[in-house]
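Here is how names work: the chains are called A, B, and so on, in the same order as the sequence lines, proteins then strands, and each is numbered from 1.
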Protein chains: 2
Amino acid sequence: MDMTTDRKPTDRRKQVLEAAARSFAAFGYKATTMDQVAKAAGVGKGTIYTFFANKEELFEQIVRELIAELKVVAERTFDPALPFADNLLRILQQVLAYRDRHGLVVKLSQEVREFGTPMANGGLEAIERSIIAYIAGHVGEAIAKGEVRPSDPALTAYMMLKMYLALTAEGGHLHEPLDAEQVLAHFRFYCLEGLAVD
Amino acid sequence: MDMTTDRKPTDRRKQVLEAAARSFAAFGYKATTMDQVAKAAGVGKGTIYTFFANKEELFEQIVRELIAELKVVAERTFDPALPFADNLLRILQQVLAYRDRHGLVVKLSQEVREFGTPMANGGLEAIERSIIAYIAGHVGEAIAKGEVRPSDPALTAYMMLKMYLALTAEGGHLHEPLDAEQVLAHFRFYCLEGLAVD
DNA sequence: AAAATGACCAAAATAACAAAACGGTCATTT
DNA sequence: AAATGACCGTTTTGTTATTTTGGTCATTTT
């Protein structure tokens, strides 16, 4: 019997997790207090500590759940019938769009920019690492199938994410923003085809 | 007669510039005071304001000088006989190495990380923009000569810088550091040749 | 007369201190 | 046995006093 997924009449653990998820997304890591989470979850503060050793572990669990959601989005987007490049573009687009619309990620990004909260930064890095690891898996498969030239899958996945982000958000004031179509076209150009003449 | 380059027995303007350059490099923008610069330059504080309207203009002049130095390094590295790809790699390597060894850039980077000083950030962005603009010029020429496939030179230069930085510094904890040779090989692979199979 | 200066000022940064809020514990209650 | 909230040492925040800073300008120096 799995004690973590079990639905009791009053599932206090789930209540805590849901209240914490809402609070971290609304106020960020630093401004979320354990008293607040306890009140929102309708449990005593001490109860939280029967499930989670401390605030950090509670937060890490919330981040783990978000990463699992991202994986679901990615798996739903992946189509084995499509060529690697199309899957890559579709997955990057879907996963990053989901990520950027997710309240928790938006709030944590703001918190890192504004206060540099180490925990918030750690959470965002964990999310980024999981995206890279997921892409790296597909890159590895594509290499095995001979769809792309051999390389270190992890490094290639990292470079792809960085390039995609450079074309979309991060560029900021250094180049005028590109619409979705332009981003896809440029990503194909820079990352897949290369600049060299034939 | 050029009053700015003229060498008088006591060239106060130059004294101020040199003292300011040393101070900004040693203490950053915020922690450099005008009293300190005046003392180090051996002039009265009021004298600084006969040459520069305020602290910001003095700082901007120092940054302009650094950018000019970077341009000299780049021009010295550029070899018209070499193919575009080789020049690009050499220039990126030389310019970024010079930049990263320059006390002012190192200190300003630390200041931005630690305090987010807007002026320090603005200075670093000006340096980055000037590097991109310089590379863009060479990209434009390479396109005209048919050495690389057509594209927006400014965007391409921006992407090249981002990729190079992703392979060297910025990667940080997300991939193990690569030595100079590996960086060059990977940069060629990702940026110039592309991932697509022939 | 022109250039240079440093005492001076309002505004901003910092230090010092008091008060409030925080994460985490545990004796007590349910 | 599970849940709780009053409680505790520590950290964070709010407040005020003090210092420092960028910039000016009447005076001095050249």
* Structure fact -> Those stems involving DNA chain C that have three or more consecutive Watson-Crick or G-U pairs, both distances under 3.5 Å, are C:1-30 with D:1-30

* Please name all residues satisfying salt bridge (charged side-chain N to carboxylate O under 4.0 Å, His left out) with A/Lys45, sequence neighbours left out, ordered by chain then number. => A/Asp35

* Structure fact -> B/Asp100 meets the salt bridge (charged side-chain N to carboxylate O under 4.0 Å, His left out) criterion, sequence neighbours left out, with none

Would you tabulate the pairs of protein nitrogen or oxygen atoms and nucleotide nitrogen or oxygen atoms of nucleotides 28-30 of chain C closer than 3.5 angstrom?
none

Between the protein and nucleotides 21-27 of chain C, which nitrogen or oxygen pairs come in under 3.5 angstrom?
unit_1	atom_1	unit_2	atom_2	d
C/dG23	OP1	A/Thr32	O	3.2
C/dG23	OP1	A/Lys55	NZ	2.9
C/dG23	OP2	A/Met34	N	2.8
C/dG23	N7	A/Lys45	NZ	3.2
C/dG24	OP2	A/Tyr49	OH	3.2
C/dG24	OP2	A/Lys55	N	2.8
C/dG24	N7	A/Lys45	NZ	3.0
C/dG24	O6	A/Lys45	NZ	2.3

* Flag, side chain of B/Tyr190 to backbone of A/Thr156, donor-acceptor distance under 3.5 Å -> yes

Side-chain donor-acceptor pairs under 3.5 Å in residues 126-145 of chain A, sequence neighbours left out?
unit_1	atom_1	unit_2	atom_2	d
A/Glu128	OE2	A/Lys162	NZ	3.3
A/Ser130	OG	A/Ile127	O	2.9
A/Tyr134	OH	A/His138	NE2	3.1

Residues two or more places apart in sequence or in another chain: which of them pass side-chain hydrogen bond (donor to acceptor under 3.5 Å, both in side chains) with [X]?
| X | value |
| --- | --- |
| A/Arg64 | A/Gln61 |
| B/Glu114 | B/Gln110 |
| B/Arg12 | none |
| B/Asp86 | B/Arg188 |

Using atom types as modelled, flag every donor-acceptor pair under 3.5 Å from a side chain in residues 116-124 of chain A to any protein atom, sequence neighbours excluded.
unit_1	atom_1	unit_2	atom_2	d
A/Thr117	OG1	A/Glu111	OE2	3.0
A/Asn121	ND2	A/Glu125	OE2	3.4

* Asked: Which heavy-atom pair separates A/Arg99 from A/Val105 by the least distance, and what is that distance?
  -> O-CB, 3.4 Å

Whole-Å distance separating the [atom1] atom of [X] from the [atom2] atom of [N]:
| X | N | atom1 | atom2 | answer |
| --- | --- | --- | --- | --- |
| B/Ile48 | C/dG6 | CD1 | C1' | 12 Å |
| B/Arg13 | C/dA2 | CZ | C1' | 18 Å |
| B/Phe51 | D/dT24 | CZ | P | 16 Å |
| B/Phe27 | D/dT21 | CZ | C1' | 16 Å |

Distance-only criterion, 3.5 Å: show the donor-acceptor pairs between side-chain atoms of residues 48-55 of chain A and protein atoms not counting sequence neighbours.
unit_1	atom_1	unit_2	atom_2	d
A/Thr50	OG1	A/Thr47	O	2.6
A/Asn54	OD1	A/Glu56	N	3.2
A/Asn54	OD1	A/Glu57	N	2.9
A/Lys55	NZ	A/Tyr29	O	2.9
A/Lys55	NZ	A/Thr32	O	2.7

* To do: Verify the contact: side-chain N or O of B/Arg12 to OP1 or OP2 of C/dA4, cut-off strictly under 4.0 Å; return yes or no.
  => yes

* Asked: Is the distance from OP1 or OP2 of C/dA3 to the nearest side-chain N or O of B/Thr50 less than 4.0 Å?
  -> no

